[in-house]
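Shown next, in structure tokens, is the structure this report addresses.
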Amino acid sequence: MLKRGEYPSTGVGMLKDTDCGTLTLSDVGRQVALAGWVHRRRDHGGIIFIDLRDRSGIVQVVFNPSYAPDAYRTADALRNEWVVCIRGRVERRPPGTENPSLPTGQVEVHALACQILNPSRPPPFYINEDTEVDEALRLRYRYLYLRRQRLQRNLELRHRVVKFIRDWLSARGFWEVETPILTKSTPEGARDYLVPSRLYPGCFYALPQSPQQLKQLLMVAGLERYFQIARCFRDEDLRADRQPEFTQLDLEMSFVEEEDILNLMESLFTDLVEQVTPHKRLRKPFPRLTYAEAIAKYGTDKPDLRFGMELADFTDIARQCQFEVFRRVVQQGGVVKGFAAPGYADCPRRQIEELTTLAKSKGATGLVTLALGQPGLSLEALTPEQVRSAVARHFTIEQVQEMARRAGARPGDLLLIVAGEPATTNAALSALRTEMGARLGLADPNQVVFAFVTQFPLFEWNAEERRWESAHHPFTAPRDEDLPLLEADPGRVRSKAYDMVCNGYEVASGSIRIHNREVQERIFRILGYSPEEAQKRFGHLLEAFEYGAPPHGGIAPGIDRIVMVLANEASLREVIAFPKTQSAQDLLFGAPSEVSEKQLRELHLAVVHPETAPSGPPPS
RNA sequence: GGCCCGGUGGUGUAGCGGACUAACAUACCGCCCUGUCACGGCGGAGAUCGGGGGUUCGAAUCCCCUCCGGGUCGCCA
């Protein structure tokens with residue numbers, strides 16, 4: 001909501017000199033010129049009320065034939081979303097007719113003149129209500145969906161977040177530098193969006209997946225502190241929190257260690273939340289956990305820390321129990337882990353089945369639940385009869401009590417246990433934990449908990465191609481103490497890469513980079529690049545590093561995701577003005593689209609349609 | 001590419017083998033109403049149920065194919 005005086009009025013006095021949402025009792029008696037959209041019309045036969053809406057909010061306008069017959073006649077024709085200009089006087093509402101649910105509810109504007117600036121067809125969906133609309137329709141009529149107050153608030157929030165970041169970093173000596181959108185394809189990482197070159201047949205530019213190498217070159221150039229609100233492009237499949245083009249706060253600093261970057265981020269986002277979204281409760285200081293801790297306690301590297309329900313390890317108990325399924329999992333090198341859902345012991349069977357389905361969808365073979373009696377009892381007094389479970393008979397009461405203790409469970413809680421190979425077990429439990437957080441209302445929408453996850457592994461094993469790959473990117477520095485492990489045991493080498501997470505989303509990712517040629521060459525060797533290959537792929541960067549590259553590192557928070565979390569939205573589409581569908585289409589413009597033969601000829605392109613796919617542009 | 005959910009007047013939903021001549025709310029059109037704020041009252045118009053094929057005496061409803069939207073796994077250095 002705009003506050004009075006926060007922005008200059010959007011008009012200079014010809015059509016509009018005041019924003020609707022700013023009017024209060026202190027304006028009573030003022031003559032104002034308002035302009036905006038008809039939010040709603042209430043016709044009482046002898047008197048007409050219009051809720052007039054502009055981006056600042058809503059104010060009630062009263063049309064009374066006794067003091068403005070012409071305006072009253074005009075108001076009779078008005079319909080939702082017509083654009084009007086109204087001149088009138090701000091009046092205190094008659095006693096008893098104030099509307100406390102409206103910021104301007106103490107006053108109303110008595111219309112003296114009303115001009116229709118533009119009528120409107122009935123819109124294809126409600127703009128004056130926050131009701132569900134088919135996603136395709138929202139995108140097709142994006143300019144109408146954006147007219148909704150919720151979307152306008154989201155875009156305003158986004159503006160304020162970006163402005164805050166620019167000001168904050170500028171005040172701390174950071175320079176914003178633009179980097180090219182037309183750049184070079186790199187075979188690593190995500191699929192590139194390609195742009196054909198007219199002047200060089202068969203050659204292509206690529207849109208940046210991120211300005212990663214460019215910002216490192218800016219460090220070599222001696223800029224020391226750089227940032228950019230940068231658009232990034234990745235031609236990969238979409239998700240609720242992934243769009244093909246998105247915006248990063250790209251940032252890089254010279255002469256820094258990991259701690260410097262993390263402290264900077266903690267300081268920036270603490271100030272940002274406190275000043276831009278002061279109604280949010282922020283946890284300070286930001287929790288820090290290693291990758292290994294995150295996986296052990298939450299089963300994921302992007303845990304939602306607004307609630308506990310930490311995972312406990314029951315593998316050693318499972319090894320000794322009488323439950324054949326668990327024992328076999330442990331024998332085969334698997335793990336048995338679980339957590340306690342507080343007060344959920346009496347949950348209906350149907351909900352357990354839903355949880356089981358969820359666990360299986362994440363690759364688990366099943367879900368074991370133990371309902372631990374009634375609240376108020378003590379754990380020590382728990383009897384076998386009070387434990388309700390399909391598999392309770394395979395465990396001694398001491399084993400049940402020990403699992404409950406480790407999970408921090410109390411009587412009345414439900415233990416959820418998954419057994420299997422570590423990766424799927426953790427994935428399933430993480431999903432279950434998130435689901436229980438939602439079901440039990442533990443994920444407070446007014447709370448934001450940022451956290452740093454550190455010490456990611458430097459490499460990941462690609463089983464398909466039977467080789468090591470960079471977990472982050474090949475310029476990420478290994479931790480000094482793990483350097484001796486590099487060749488001997490690459491899988492155990494930890495990196496100076498870090499993520500920032502918030503309420504269950506990964507909102508930033510970064511690392512300290514390698515600036516030492518010898519280390520960089522060892523990394524390339526482990527990744528399987530010959531010196532010639534490394535030269536071909538990354539020659540420009542390697543060469544730059546030979547000319548006095550300073551130690552440097554950085555991070556890249558995702559603006560869209562951060563705004564999404566702060567706006568309490570579940571989809572990125574609600575915080576991007578013109579987003580694309582899950583199949584990467586722009587339904588408003590109809591992109592992507594075919595182009596003319598002439599354009600193709602100029603670009604030296606010929607289109608070969610796949611046999612399996614329909615030819616031509618996507619239907620719209 | 002796999003799996004899951006959805007598509008019914010303009011919009012949002014209900015209906016899920018026969019009582020559907022498809023219901024409700026709202027928007028829309030007309031009439032009435034001078035203090036409402038999701039104003040209210042009366043009346044009206046508006047969908048052959050995303051598209052195609054099939055099963056059946058009978059399909060919005062069951063089956064197959066397909067299109068669109070969403071979620072998710074793979075993917076996203």
Side-chain angles (χ1 to χ4, degrees), chain A residues 39-52 58-67 72 79-81 91 93-102 104-105 108 110 121-141 144 186-192 209-210 212-213 232-244 246 357-358 360-363 424 427-428 431 456 458-460 462 464 468-476 495 497 506 509 511 523 527 537-538 558 570-571 573 580-583 585 587 612-614 618-620:
Chain A
H39 188 68
R40 216 180 283 280
R41 171 172 164 274
R42 290 178 295 280
D43 183 349
H44 287 249
I47 184 170
I48 295 172
F49 298 99
I50 297 283
D51 290 338
L52 187 66
I58 289 172
V59 72
Q60 172 166 280
V61 181
V62 187
F63 296 85
N64 193 318
S66 67
Y67 55 72
Y72 178 82
R79 293 295 180 272
N80 287 348
E81 300 311 316
E91 302 283 4
R93 289 198 187 192
T97 66
E98 302 90 348
N99 185 352
S101 58
L102 212 58
T104 61
E108 60 192 11
H110 289 197
R121 295 164 61 185
F125 50 81
Y126 298 106
I127 291 164
N128 55 10
E129 290 177 26
D130 196 19
T131 49
E132 287 294 307
V133 189
D134 181 75
E135 189 69 41
L137 207 58
R138 303 184 202 195
L139 295 172
R140 166 75 181 78
Y141 294 97
L144 294 181
T186 51
E188 320 298 312
R191 241 175 249 118
D192 288 316
Q209 296 171 24
S210 80
Q212 180 60 39
Q213 296 185 35
C232 307
F233 307 86
R234 292 178 192 174
D235 189 2
E236 294 293 344
D237 287 354
L238 276 42
R239 291 286 185 281
D241 61 353
R242 264 159 47 187
Q243 280 274 310
F246 59 99
T357 305
L358 176 65
K360 286 181 176 171
S361 78
K362 300 291 171 181
T424 52
F456 278 80
L458 187 62
F459 301 109
E460 280 167 1
N462 183 328
E464 228 168 86
W468 291 104
E469 288 181 341
S470 290
H472 188 57
H473 61 63
F475 308 107
T476 303
S495 71
E506 177 195 318
S509 188
S511 65
I523 300 287
L527 291 174
R537 289 170 189 253
F538 308 110
S571 165
R573 290 185 299 272
K580 293 182 176 59
T581 66
Q582 191 167 66
S583 46
Q585 279 193 67
L587 296 182
T612 49
S620 55

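Numbered from 1 within each chain, the chains take letters A, B, ... in sequence-line order.
- Evaluation of atom-type donor-acceptor distances gives no pair under 3.5 Å for the side chain of A:Arg234 against the base of B:C76.
- Using a 4.0 Å heavy-atom criterion, one finds that A:Arg573 contacts the sugar-phosphate atoms exclusively.
- Using atom C1' as the reference point in both B:G9 and B:G44, the two lie 14 Å apart (nearest Å).
- Across all strands shown, the partner of B:C3 is B:G71, judged by Watson-Crick or G-U wobble contacts whose two distances both fall under 3.5 Å.
- Side-chain proximity of A:Asp43 to B:G69, B:G35, B:C33: nearest is B:C33.
- Remark: the A:Glu129 side chain and the B:U26 base include no donor-acceptor N/O pair separated by less than 3.5 Å.
- Taking only distance into account, the side chain of A:Arg242 meets the base of B:C75 through a donor-acceptor pair shorter than 3.5 Å.
- Base engagement by A:Glu98 is indicated by at least one non-hydrogen atom pair under 4.0 Å involving a base atom.
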Do any N or O atoms of the protein come closer than 3.5 Å to N or O atoms of nucleotides 6-13 of chain B, and which pairs are they?
| unit_1 | atom_1 | unit_2 | atom_2 | d |
| --- | --- | --- | --- | --- |
| B:G10 | O2' | A:Pro124 | O | 3.2 |
| B:G10 | N2 | A:Tyr126 | OH | 3.0 |
| B:U11 | O4' | A:Pro124 | O | 3.3 |
| B:G12 | OP1 | A:Asp134 | N | 2.7 |

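- A:Ser66 meets the side chain to side chain donor-acceptor pair (under 3.5 Å) test with A:Asn64; sequence neighbours excluded.
- Contact between A:Leu527 and A:Trp468 at its shortest, heavy atoms only, is CD2-O, 3.5 Å.
- A:Tyr67 and A:His110 have parallel rings, their planes meeting at less than 30° on a 0 to 90° scale where 60° marks the start of perpendicular.
- Residue ring and base: A:His44 counts as stacked with B:C39 (centre distance below 5.5 Å, interplanar angle below 30°).
- In this structure, A:Tyr126 and A:Val133 have side chains that are not in contact, with every pair of non-hydrogen atoms separated by 4.5 Å or more.
- At the heavy-atom level, A:Gln212 lies under 4.0 Å from base atoms of the strands shown.
- Nearest heavy-atom pair across A:Cys232 and A:Gln209 is CB-O, 3.1 Å.
- For A:Glu108 against B:G35, a side-chain N or O and a base N or O form a donor-acceptor pair under 3.5 Å.
- Distance check on atom C1': B:G71 versus B:U55 gives 32 Å, rounded to whole Å.
- As judged by a 4.0 angstrom heavy-atom cut-off over every strand, A:Thr476 is placed among residues making no nucleic acid contact.
- Across every strand in view, B:U13 sits in a pair with B:A23 that passes the Watson-Crick or G-U test at under 3.5 angstrom.
- The same atom, P, is picked in B:A45 and in B:G52; the two are 28 Å apart, to the nearest Å.
- Using a 4.0 Å heavy-atom cutoff across all strands shown, A:Arg79 reaches sugar-phosphate atoms only and no base atom.
- Contact of A:Arg93 with B:U36 (side chain to base): a donor-acceptor pair of N or O atoms is detected under 3.5 Å.
- Side-chain contact between A:Glu81 and A:Ile127 is present, with at least one heavy-atom pair separated by less than 4.5 Å.
- Taking the C1' atoms as reference points, B:U61 lies 14 Å from B:G7, given to the whole Å.
- Side chain of A:Asn80, nearest nucleotide from B:C75, B:C33, B:A27: B:A27.
- The residue A:Asn64 sits close to a base: some heavy atom pair falls under 4.0 Å.
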